[in-house]
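Take a look at the structure below.
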Amino acid sequence: MCEKPKFYITTAIAYTSRKPHIGNSYEIVLTDAIARYKRMQGYDVFFLTGTDEHGQKIEEYAKDAGVSPKEYVDKVAGEIKDICNLLNTTYDHFIRTTDEYHEKAVQKIFKKLYDQGDIYKSEYEGLYCTPCESFWTESQLVDGKCPDCGREVKKAKEEAYFLRLSKYQKQLEEFIESNENFIYPEARKKEMLNNFIKPGLQDLCVSRTSFKWGIPVSFDDRHVVYVWIDALSNYITALGYDSDGSGEKYKKYWPADVHIIGKDIVRFHTIYWPIMLMALGEPLPKQVYGHPWLLFGEDKMSKSRGNVIYADDLTSVFGVDAVRYYLLSEMPHANDGSITYEAMIERFNSDLANTLGNLVNRTVAMQNKYFGGVIQSPVCHGDFDGDLKECAKVALNDFDKNISEYKMSDAVESVMKFARRCNKYIDETMPWALAKDESQKERLGTVLYNLLEGIRILSVLIAPIMPEASLKIAEQLGIEPATFDSIQDFGGLEAGKKVTEKAVPLFSRIDGDKLIAELQAKKEAEKKAEQPKIEGLAQIGIDDFMKVELRVAQVKDCEPVKRAKKLLKLTLEDGTGTDRIVASGIAQWYSPDDLIGKKVIVVANLKPAVLCGVESNGMILAADCSDGDVKVLFPDPSMPNGARIR
C-alpha cells in the first residue's frame with residue numbers, strides 16, 4: 001500500500017494578550033478549510049496551531065490584573081483554544097510556548113546558535129515599542145511613533161544577545177529569488193525584498209534583561225529568550241525537534257508545506273525564521289502565505305474603537321457553519337475583507353437560505369412527493385442535462401484550482417455558482433409540470449436524479465467550508481458522506497435509495513430588521529451597565545474635556561430609519577453651511593415632529609459611524625432619566641447655530 005503524501009500546515013500562534021476577535025479567528029478557519037480539503041484528497045495532514053505566551057506585554061497585563069503571568073496566559077490560552085474548538089477546527093496539535101518540551105528545545109536551539117557564533121552578546125540602544133516588543137531606529141519611525149502599531153516608543157538601552165542576520169542576507173536573498181512561490185502572494189515578496197532585505201539587514205536582538213517572563217537563556221540567567229527565537233521555533237518544536245534535528249514527527253513532516261499568517265508578520269516569517277533555519281542547517285518551509293485582514297466595515301478592529309466582534313457572539317446568532325462561510329467567502333485573496341452584522345445577514349439570507357438551503361429543501365420535498373423518496377435511475381435524458389453536468393465539472397476544477405492557490409473566496413464562489421445553476425435547472429425543467437403528465441414519469445425521475453446528484457457534489461465541495469451542513473445534506477439524501485473521489489464523474493448517486501422522509505431546512509431566513517434592533521438594544525444595555533455610578537466617576541482633566549467639541553445645531557429635518565425601530569435620522573444646520581446627518585437612538589421617546597425646528601447640542605468632532613446604512617456624523621446630547629426615560633437637551637432657542645458650548 002502506497003504511503004500517503006504528507007502535508008504540514010500551520011497558523012501563526014496567537015498572542016495571549018486578550019481574547020481574540022473574529023478578525024483573529026479568520027486565520028484558523030482558513031487553515032482548517034485547507035487542511036480538511038487536503039485530507040479529502042488523501043494527504044496525511046498535520047495541522048498545527050497554538051499560543052505565544054511570553055514577553056513584557058504579558059508581564060504587564062498580568063500585573064494589572066493582579067495575577068501571575070502563568071495564571072494570565074492560562075486563562076487567555078484557554079479562551080483561544082475554546083474559540084478554535086467552537087469554530088469546528090481540526091487541528092492536530094495545539095502548542096503553547098509555556099509547554100515544558102518547547103521551552104527546553106528553545107534553550108538548546110539558542111545555545112547551539114551561540115556556540116557556533118551565530119548569536120553574540122552586545123548592547124542595544126534604541127527606541128522601543130512595548131506592545132510590538134520591537135526596537136526601532138529614529139529613521140524607521142512614522143511621525144515619531146512605532147511603524148507597526150502607531151503607538152508611542154521610548155528610549156531603551158540594555159545588554160542583549162543578537163542573531164547575525166547580516167551573515168545570511170545574501171543566502172536568503174538568493175533563496176527567495178530562486179523559489180518564486182516561497183513568499184505568497186507576489187506583492188508580499190516584492191515588499192520583503194525591496195523594503196527590508198536588499199537595503200541591508202541589521203542583526204536582530206534575541207534576548208532581554210528588562211523583564212523576566214520568558215524562557216531563561218540556559219548559560220546566562222540574567223537574560224530571557226526574546227520573542228523571535230521563542231515563538232518562531234514552535235513550528236519545529238511541536239514536531240519534537242531538538243537541537244540535533246531528532247524527532248520522528250519532525251523527520252516525517254518538516255519542512256512545512258505552508259505557514260498561514262497575517263500580512264503584518266510576513267517579515268518575521270520570511271526573514272528572521274528562514275535565517276534561523278539556515279543557521280541551524282535545517283530545510284526552509286516551502287511557502288509562507290500572508291493573508292489580508294478582516295476589518296469591521298472599513299476599520300481595523302480594536303476595543304478602543306468599540307468595533308470588536310467575537311466568534312462566540314456571531315455563532316450564537318448565525319451558527320458555526322454560517323460564520324465559517326462568511327469568513328471564507330468575504331475575504332479577498334490579496335485585499336482586506338470586511339464584516340458587519342448587516343453584511344452577514346445579507347450573505348446568510350441570499351447564499352445559505354435562498355440559494356443552497358432552498359435548493360436542498362425543495363428537491364428533497366419533490367422527491368418525496370413524486371416518488372415516495374425513492375431515487376430513480378436517470379434513463380430519460382433531455383435538454384439542459386448536459387450543461388448541468390458540464391457546470392458540475394467546471395465547479396470541481398475551479399474549486400480545486402482556487403483552494404490550491406489559497407484563493408478561498410473564489411473557491412467558495414465556484415461552489416455557489418454551481419448551486420445557482422442547479423436552481424436554474426429546476427426552473428428550466430419544471431418538475432411540477434412534468435409530474436402532471438404520466439408519460440413524463442421517467443423524465444421527471446431523471447431530472448430529480450440530476451438535481452440530487454448535483455446536491456451530492458455540492459455536499460462534498462462545501463465540506464471544508466461548512467462541515468456540519470455537508471453532513472446534514474448527506475443525511476437528507478440518505479447516503480453516507482460522499483468522498484472527493486466519488487464526485488470526479490457525474491452520476492455517482494446510487495438509484496434505489498431513499499431520501500429522508502421530511503425535508504429539513506438547512507438555513508432559515510433571518511429577519512434582518514428585527515435582529516439588528518435586538519443587537520443594538522443589547523449593545524446599549526451593556527454600555528449602560530458599564531457606566532459608572534456618580535460617586536465612582538473617573539476624573540478627567542480640562543485638556544481631555546476640551547477635546548470634545550460641542551456645538552449648537554438646529555433640526556432641519558427628521559425621519560425614522562427604515563431598518564431600525566430605535567433610530568431617527570436628523571438633518572442638522574450647525575452653522576457650517578453644510579447639512580450634518582446624525583443618527584440617534586431616540587425613536588421610542590421622540591417623533592420627528594417633536595424635533596423639527598428645535599435647537600440641540602451636537603458632539604461635532606465625533607468620528608463618523610455607519611448605523612443601519614446611515615452615516616452618522618456626530619451625536620446629540622440627551623440625559624438618561626428614571627424608569628428608562630430619555631430627555632434630549634434643548635438649548636436656549638436664541639443661541640446661534642454653530643455656537644460652541646464651553
Side-chain angles (χ1 to χ4, degrees), residues 11 20-34 36-37 83 86-89 185 187 260-264 289-302 305 307-357 395 398-399 401-403 405-420 458 461-470 506-507 509-510 512 515-516 519 610 612-613:
T11 68
H21 56 64
I22 193 64
N24 305 133
S25 302
Y26 165 72
E27 186 173 299
I28 188 74
V29 175
L30 170 65
T31 309
D32 179 68
I34 297 166
R36 284 177 180 269
Y37 186 62
I83 287 173
L86 171 68
L87 292 169
N88 199 3
T89 61
I260 305 291
I261 61 165
K263 65 180 183 180
D264 53 327
Y289 171 49
H291 64 75
W293 287 334
L294 184 68
L295 307 177
F296 179 83
E298 296 182 355
D299 295 323
K300 192 175 180 182
M301 288 186 208
S302 76
R305 289 192 177 110
N307 62 3
V308 173
I309 299 177
Y310 294 105
D312 46 356
D313 292 333
L314 285 174
T315 57
S316 69
V317 175
F318 299 98
V320 173
D321 271 1
V323 172
R324 288 175 61 103
Y325 178 81
Y326 185 90
L327 293 176
L328 298 175
S329 63
E330 283 292 321
M331 180 71 86
H333 173 59
N335 301 315
D336 292 334
S338 173
I339 185 169
T340 62
Y341 275 101
E342 290 87 351
M344 272 212 70
I345 292 167
E346 170 62 27
R347 177 70 75 162
F348 183 98
N349 285 339
S350 63
D351 287 5
L352 300 185
N354 289 0
T355 300
L356 181 62
D398 286 352
F399 184 79
K401 179 179 183 295
N402 286 317
I403 202 169
E405 296 175 355
Y406 312 131
K407 296 178 179 178
M408 191 58 69
S409 63
D410 292 337
V412 174
E413 174 55 24
S414 66
V415 178
M416 294 311 299
K417 185 177 180 181
F418 180 54
R420 290 191 288 269
L458 285 168
L461 294 180
I462 68 167
I465 304 158
M466 297 184 288
E468 291 302 317
S470 174
L506 292 174
F507 303 97
R509 280 187 62 83
I510 292 173
L515 177 58
I516 291 297
L519 292 169
V610 177
C612 291

So, for Ala411 and Ile403, which heavy atoms are closest and what is the spacing to 0.1 Å?
-> CB-N, 4.0 Å
Take atom NZ of Lys263 as the centre, draw a 6.0 Å sphere, and report whether it contains more than 12 heavy atoms from other residues, nucleotides or ligands.
-> yes
Sorted by chain and residue number, the salt bridge (Lys or Arg N to Asp or Glu O under 4.0 Å) partners of Lys401 (sequence neighbours excluded) come out as Glu405
With the side chain counted from C-beta on, respond yes when Phe418 and Asp398 share a heavy-atom pair under 4.5 Å apart, and no when they do not.
-> no
Under the side chain to side chain donor-acceptor pair (under 3.5 Å) test, residues paired with Tyr26 that sit two or more places apart | none
Residue pair Ala33 / Leu328: nearest heavy atoms and the distance that separates them | CB-CD1, 3.9 Å
When rounded to the nearest 0.5 angstrom, what is the spacing between CZ in Phe507 and CG in Asn349?
-> 11.5 Å
Residue pair Leu87 / Thr315, side-chain heavy-atom distance below 4.5 Å | yes
How many angstroms lie between CD1 in Ile510 and CD in Glu346, if you round to the nearest 0.5 Å?
-> 11.0 Å
In Å, rounded to the nearest 0.5 Å, how long is the span from CD1 of Ile462 to OH of Tyr325?
-> 10.0 Å
What heavy-atom pair brings Pro292 and Pro332 nearest, and what distance separates the two atoms?
-> CG-O, 3.4 Å
Roughly how far apart are Asp336 CG and Glu330 CD, rounded to 0.5 Å?
-> 13.0 Å
Pairing of Arg324 and Asp32 as salt bridge, 4.0 angstrom limit | yes
What is the distance from atom CE of Met466 to atom CG of Leu352, rounded to the nearest 0.5 Å?
-> 5.0 Å
For the side chain of Thr355 and the backbone of Ser350, is there at least one donor-acceptor N/O pair under 3.5 Å apart?
-> yes
Checking Thr11 side chain against Ile260 main chain: does a donor-acceptor pair fall under 3.5 Å?
-> no
Could you pull out the closest heavy-atom pair between Ser414 and Ala395, with the gap in Å?
-> O-CB, 3.8 Å
Kindly indicate, with the supporting measurements, whether the criterion ring-ring contact (aromatic ring centres under 6.0 Å, His included) is fulfilled by Phe399 and Tyr37.
-> CA-CA 10 Å; Phe399 184 79; Tyr37 186 62; 5.3 Å; yes
Thr31 (side chain) donor-acceptor with Ile28 (main chain) under 3.5 angstrom = no
Spacing of Ile339 atom CD1 and Ile22 atom CD1 [to the nearest 0.5 Å] = 5.5 Å
Show the numbers, then the answer: is there a side-chain contact (heavy atoms from CB on, under 4.5 Å) between Asp351 and Leu356?
-> CA-CA 6 Å; Asp351 287 5; Leu356 181 62; over 6 Å; no
Criterion side-chain contact (heavy atoms from CB on, under 4.5 Å) on Leu30 and Met408, from CA distance to verdict | CA-CA 8 Å; Leu30 170 65; Met408 191 58 69; 3.9 Å; yes
Minimal heavy-atom distance between Ala311 and Ser25, with the atoms involved, is CB-OG, 4.1 Å
State, to 0.1 Å, how close Leu294 and Ser338 come at their nearest heavy-atom pair, and which atoms those are.
-> CD1-N, 3.7 Å
Please name all residues satisfying salt bridge (Lys or Arg N to Asp or Glu O under 4.0 Å) with Asp321, sequence neighbours left out, ordered by chain then number.
-> none
May I ask you to decide if Ile83's main-chain N or O and Asp312's side chain share a donor-acceptor pair within less than 3.5 Å?
-> no
